[in-house]
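Here is the structure we will look at.
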Amino acid sequence: MSRMKKRYQESVKEQLQSKFAYKNPMMIPKLKKIVINMGIAEASKDKNIIQAHVNEMALLSGQQPVITKAKKAISNFKLRIGQPIGIKVTLRGKRMYEFLDRFCNIVVPRIRDFRGFTPKGDGRGSFTLGLDDQQVFPEINLDEVKRTQGMNITLVSDAKTDQECIELLRLLGVPFKNLPVAVAA
C-alpha cells in the first residue's frame with residue numbers, strides 16, 4: 001500500500017468525519033482519479049515534438065498517454081479533423097496515490113515562486129491546477145527537453161462540495177494559499 005493511501009485510511013478519513021460529521025462512513029470523500037492533460041496544438045506540425053511530449057508524459061505519470069485528436073475542423077485555427085491537439089493520462093488506484101505523493105512532496109517544492117494553489121474547485125468536487133513548465137518533474141531529463149510545455153492536472157474526488165474537496169486535498173498534502181499545510185505524521 002502506498003504511503004499516501006495509508007495516510008488517507010489512517011488519519012484523513014477520521015479528520016474528515018470529525019469535521020463534516022457524516023452519517024455514513026461511505027459518505028466520506030475519496031480521491032477517484034487524477035487526469036493529466038497537455039495541449040500540444042502548436043506542436044502538431046512536427047511529429048518528433050509530439051513524440052517527445054508523449055515520452056515525457058509517460059515518464060512523469062508512469063503509464064502510456066493517449067493522444068487526443070480534433071473532432072471538428074476549425075479553419076481560423078488551421079485545424080483539421082484527426083489532427084493531434086493534446087495528450088492525456090488518467091491515473092487511478094496505486095499509480096494515482098504514488099503520483100500525488102511525488103507531486104506534493106517533490107514537484108511542488110521545485111516550483112519557482114510558489115505561494116500555494118488557489119483553493120477554488122469546479123463546484124462538483126474536483127480541483128484543477130495548471131503548471132507552466134514540465135521541467136519541475138525530476139523524472140524529466142532537462143538536456144532532452146526541446147521546448148517547455150505546460151499542463152493541467154485535475155484531481156477528481158467524489159466530494160459533494162468544493163469545501164469538502166479542498167479539505168480532502170489539504171489533508172492529503174496539497175498546499176493551498178492561506179490554509180494550513182497538513183504534514184504527514
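- In this structure, the side chain of Asp101 does not engage the main chain of Tyr97 through any donor-acceptor pair within 3.5 Å.
- Within the structure, every pair that satisfies the salt bridge (charged side-chain N to carboxylate O under 4.0 Å, His left out) test and touches residues 162-172, not counting sequence neighbours, is listed here: Lys19-Glu167, Glu167-Arg170.
- Once rounded to the nearest 0.5 Å, the distance linking CD1 of Ile81 with CD1 of Ile74 reads 10.0 Å.
- Within 6.0 Å of CG in Asn24 there are more than 12 heavy atoms belonging to other residues, nucleotides or ligands.
- Put simply, the side chain of Phe137 does not reach to within 4.5 Å of the side chain of Glu56, judged on heavy atoms.
- The minimum heavy-atom distance between Phe127 and Leu169, with the atom names listed, is CB-CD1, 3.6 Å.
- Taking NZ of Lys69 as the reference point, atom CD of Gln83 lies at 10.0 Å (rounded to 0.5 Å).
- Atom OG1 of residue Thr154 and atom CG of residue Asn37 lie 7.0 Å apart, to the nearest 0.5 angstrom.
- Residue Phe114 places its CZ atom among more than 12 non-hydrogen atoms of other residues, nucleotides or ligands, all under 6.0 Å distant.
- Leu155 is not connected to Val35 by any chain of hydrophobic side-chain contacts under 4.5 Å among Ile, Leu, Val, Met, Phe, Trp and Tyr, and they are in different clusters.
- Closest non-hydrogen pair, Leu91 versus Ile36, comes out as CD1-CD1, 3.9 Å.
- The salt bridge (charged side-chain N to carboxylate O under 4.0 Å, His left out) contacts involving residues 130-140 comprise Arg102-Glu139, where partners must be two or more places apart or lie in separate chains.
- Using a 4.5 Å cut-off on side-chain heavy atoms (C-beta onward), Leu172 and Met4 make contact.
- A donor-acceptor pair is defined here as one N or O able to donate and one able to accept, closer than 3.5 Å; such a pair exists between the side chain of Gln63 and the backbone of Thr90.
- The distance from the NZ atom of Lys177 to the NZ atom of Lys120 is 13.0 Å, given to the nearest 0.5 Å.
- Residues Ile50 and Leu59 are members of separate hydrophobic clusters, defined by side-chain heavy-atom contacts under 4.5 angstrom among Ile, Leu, Val, Met, Phe, Trp and Tyr.
- Side-chain contact between Ile40 and Ile49 is absent, with no heavy-atom pair separated by less than 4.5 Å.
- Using a 4.5 Å heavy-atom cutoff, the side chains of Tyr8 and Ile28 are in contact.
- Here CG of Leu31 is found 11.0 Å from CZ of Arg92. Values are rounded to the nearest 0.5 Å.
- Ser2 places no side-chain N or O within donor-acceptor distance of the main-chain N or O of Lys94, the cut-off being under 3.5 Å.
- Of all heavy-atom pairs between Ala58 and Pro65, the closest is CB-CD, 3.9 Å.
- Applying the side chain to side chain donor-acceptor pair (under 3.5 Å) rule to Asp122 yields no partners; only residues at least two apart in sequence or on another chain are considered.
- In plain terms, the two heavy atoms of Cys104 and Pro109 that are nearest each other are O-CD, 3.8 Å.
- Counting heavy atoms from C-beta outward, Pro29 and Leu16 have side chains that approach closer than 4.5 Å.
- Of all heavy-atom pairs between Val54 and Gln64, the closest is CG1-NE2, 3.4 Å.
- Put simply, the side chain of Val108 does not reach to within 4.5 Å of the side chain of Val174, judged on heavy atoms.
- Between the CG atom of Leu129 and the CG atom of Asn152 there is a distance of 8.0 Å, given to the nearest 0.5 Å.
- The backbone N or O of Gly86 lies less than 3.5 Å from a partner atom in the side chain of Thr68, making a donor-acceptor pair.
- Within 6.0 Å of CZ on Arg124 lie no more than 12 heavy atoms contributed by other residues, nucleotides or ligands.
- Taking the side chain as every heavy atom from C-beta outward, Arg3 and Asn105 approach each other to under 4.5 Å.
- Remark: side-chain polar atoms of Arg112 are not paired, donor with acceptor, to backbone N or O of Val136 under 3.5 angstrom.
- Using bins of under 30°, 30° to 60° and over 60° for the plane-to-plane angle, the ring pair Phe103/Phe117 lands in the parallel bin.
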